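In what follows, chains carry the letters A, B, and so on, assigned in the order in which the sequence lines appear, proteins first and then strands, with residues in each chain numbered from 1. Computed over heavy atoms, backbone and side chain alike; hydrogens, waters and symmetry mates excluded. It should be emphasised that the depicted structure is a prediction, and the values quoted were computed from it without experimental measurement.
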There are 2 protein chains.
Amino acid sequence: MKVTIKDVAELAGVSFKTVSRVVNGEVGVKSEMREKVQTAIEKLNYHPNLSARRLRGKSATIGFIYNNPNSNYVITMLHGILAAARKNSYELVVHPCENVSDPSLVFDEILSLTRRSMVAGLVLTPPISENPEIIKKLDDAGITFSRIVSGSVAPDDVQRTIFIDDRKAAYQITEHLIKRNHKRICFLNGDPEHLSSGERLEGYKAALRDYDIAVADELILDGHYTFESGVERAKQIMDIDEAPTAVFACNDEIAAGALFAARMNDVQVPEQLSIVGFEDSPFSRQTWPSLTTAKQPNDKIASHATELLIGMLEGDDDSDSYDDHSYLPEMIVRESSADMTS
Amino acid sequence: MKVTIKDVAELAGVSFKTVSRVVNGEVGVKSEMREKVQTAIEKLNYHPNLSARRLRGKSATIGFIYNNPNSNYVITMLHGILAAARKNSYELVVHPCENVSDPSLVFDEILSLTRRSMVAGLVLTPPISENPEIIKKLDDAGITFSRIVSGSVAPDDVQRTIFIDDRKAAYQITEHLIKRNHKRICFLNGDPEHLSSGERLEGYKAALRDYDIAVADELILDGHYTFESGVERAKQIMDIDEAPTAVFACNDEIAAGALFAARMNDVQVPEQLSIVGFEDSPFSRQTWPSLTTAKQPNDKIASHATELLIGMLEGDDDSDSYDDHSYLPEMIVRESSADMTS
DNA sequence: AAATCGGATGACAACGTTGTCAATTATCAA
DNA sequence: TTGATAATTGACAACGTTGTCATCCGATTT
């Protein structure tokens, strides 16, 4: 019942070593043989046994470590990583990390995982990927990984990093608001341990400066990437004397919270207040009104990060050096942002 | 750098087979030997190579197969399964299934996964877990699995099944509406290939009957477990002559869609229309108004299903036979449902 | 036509583990 | 003490794959 390389060999009438060659795309197999083997593989629906490969030292397992309460984000990343892993016949071990507050505990968790599951390399996402202490410990321990981070300039370890230009995307969103005649734009920040929050804030500030609008400290509020944070902070800004006409929420959850607060205060969106988010979460098109936001192709990003990792693991030095590792989230204009006429 | 069983054997001065015995806790090893081996293991920090074990057929890997677009559902399940798997030192292979429309393709996918990754058993969730064709094929192929299904009576394969009493929960929710004086209650159904939709519909009907309210066919609408379905169907019902005063949406997504449609039509919720959902998705408390719904402890359910599977794999016949495999979703009353005074 | 070469193919070992069975040692009864 | 039996230990094969090297065959060179 279990199809092995030898079954394929028998059906194709060749030695199992030849099948191995075909499967691994090695050179020096006559096309006639190759074809025979291919059809036998398809006929039997043969898939190489990963354990045997691993044992032989060829293939391996990738670990996906994450600590992110946003399930949509995690699932999208997961699927991107899985796609790349499967394509390259890697297995995936998934590991949600609990103690994100203490970097050294996170590191211990990772270490124990790599030991236990024989993980060859890791794919890291924010906020773990952006924690310098964890990164240093991983490097010291000689653990191979690729990572996804938020950043506007190429990091010094480009070859293992995908960076997302949140700053530029935030600039564009802010510009979008400015061009719609908004002058008092409030910024609701996300978690401080995520670089994305700082980057998005910088993009916001840069846009204001370029359009000669003063950056007002009272319009920039700390917070977290949660709905609750959005509600709370949005309530606060509505009490400000000269109320803002637009809100730049650091992600869609915050934006949804702000929308909620606006409704509670009988503030019309977008007529009296424009609200924009960031992330293009599925629910961003289901809010009322639907959210203007910025879309990150997270599955592609995750696949790319995984390919990067696999390249490192297999020692293809050249495989990727000319690739662009930067992604720019794309602005999506929906109904929550409008012209400010008054 | 890699420590194998033979290194341990050499240091302890025994054959590597004896080390294997100690590692696996087999009987028939003198305590003196056992101790020598133990200290050698600790000294070298030896960990068995999982690939070799799996290759030899001693797999400690379980597979989580799913096909469900609801990322929150999947993540919660995943975490529940992971917790139980880790507790019993099993590895987990995650496999999102693409071709759900064709059961035999799904089966092929599963089969190839179990082969390739030497998966010892599976945890299945709806809708795959509820597809008789897939279940039969798995049984025929001798694949071990546990599953989570929707059902009001104990299925005939209880020992490997967790069932969720959607019917009773739906009854309670409907009763909740009836007691608030609603007589014309609309039912927006979910995907037909999920048993949960049928079960919830039955619960709804049973409650109506028990309270002597006629079941009106024009108030029961087919659909899917999506926001869009909710919007569309809710629009339809608002055109009905004698408009319903309440909507029972088969899940929170549909309910959110209905909420959306109500708002588009300037229908006040809950003053003019009560809307209830099902699932207690995170966003159900973030809608406006927040949704009355029913909460399933999905992480616990998933853990339980995993424990069940592991019990089967390890042949602990008695481990679980007195457990209750049934879960009743708990009604959570929020703001989207209210008395009908008119 | 014989010798040589190179490309294609196959035989076999190895990876680290567990299962099977044989060999050895300890234990017990007669 | 001796033989029989039980307990312990070890030798070796096997799992499915890849790497190494030998073999084969056809083509090219002399």
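The base of D:dT18 sits with one of its N or O atoms less than 3.5 Å from a complementary donor or acceptor on the side chain of A:Arg56.
For the pair B:Phe64/B:Leu82, no side-chain contact is recorded, criterion being any heavy-atom separation below 4.5 Å from C-beta on. Side-chain atoms of B:Thr161 and B:Val149, non-hydrogen and from C-beta on, do get closer than 4.5 Å to each other.
Rounded to a whole Å, the CD1 atom of A:Ile5 is 11 Å from the P atom of D:dG16. We find that CD of A:Glu26 is positioned 13 Å from P of C:dT9, with the value rounded to whole Å. Taking atom NZ of B:Lys6 as the reference point, atom P of D:dA11 lies 11 Å away to the nearest angstrom. Spacing between atom CG of B:Leu50 and atom C1' of D:dC15 amounts to 15 Å, rounded to whole angstrom units. In this entry the distance linking CG of B:Leu55 with C1' of D:dT18 reads 12 Å, nearest Å. One interatomic measurement links the two molecules: CG of B:Asp7 to C1' of C:dT17, which rounds to 13 Å at whole-angstrom precision. Rounded to an integer number of Å, the gap from B:Asn49 CG to D:dT17 P is 16 Å. At whole-Å resolution of the value, CZ in A:Arg34 and C1' in C:dA8 are 11 Å apart.
The phosphate of D:dT18 (OP1 or OP2) has a side-chain N or O of A:Arg53 nearer than 4.0 angstrom.
Atom NZ of A:Lys137 is surrounded by more than 12 heavy atoms from other residues, nucleotides or ligands within 6.0 Å. Within a 6.0 Å radius of CD in A:Glu10, other residues, nucleotides and ligands contribute 12 heavy atoms or fewer.
No side-chain donor-acceptor contact under 3.5 Å links B:Asn131 and B:Glu133.
Residue B:Lys30 is the one, among A:Lys30 and B:Lys30, whose nearest nucleotide of DNA chain D lies closer to the 5' end (criterion: closest heavy atom). Comparing A:Pro48 and B:Val29 by the nucleotide of DNA chain D whose heavy atom lies nearest to each, the residue mapping closer to the 5' end is B:Val29.
Contact check of residues 8-24 of chain A against DNA chain C (heavy atom, cut-off under 4.0 Å) returns A:Val14, A:Ser15, A:Phe16, A:Lys17, A:Thr18, A:Arg21.
Just one residue in the list A:Ile81, A:Ile75, A:Thr76 forms a side-chain contact (heavy atoms from CB on, under 4.5 Å) with A:His79, and that residue is A:Ile75. With respect to B:Ile65, the side-chain contact (heavy atoms from CB on, under 4.5 Å) criterion is satisfied by exactly one of B:Leu124, B:Val106, B:Thr125: B:Leu124.
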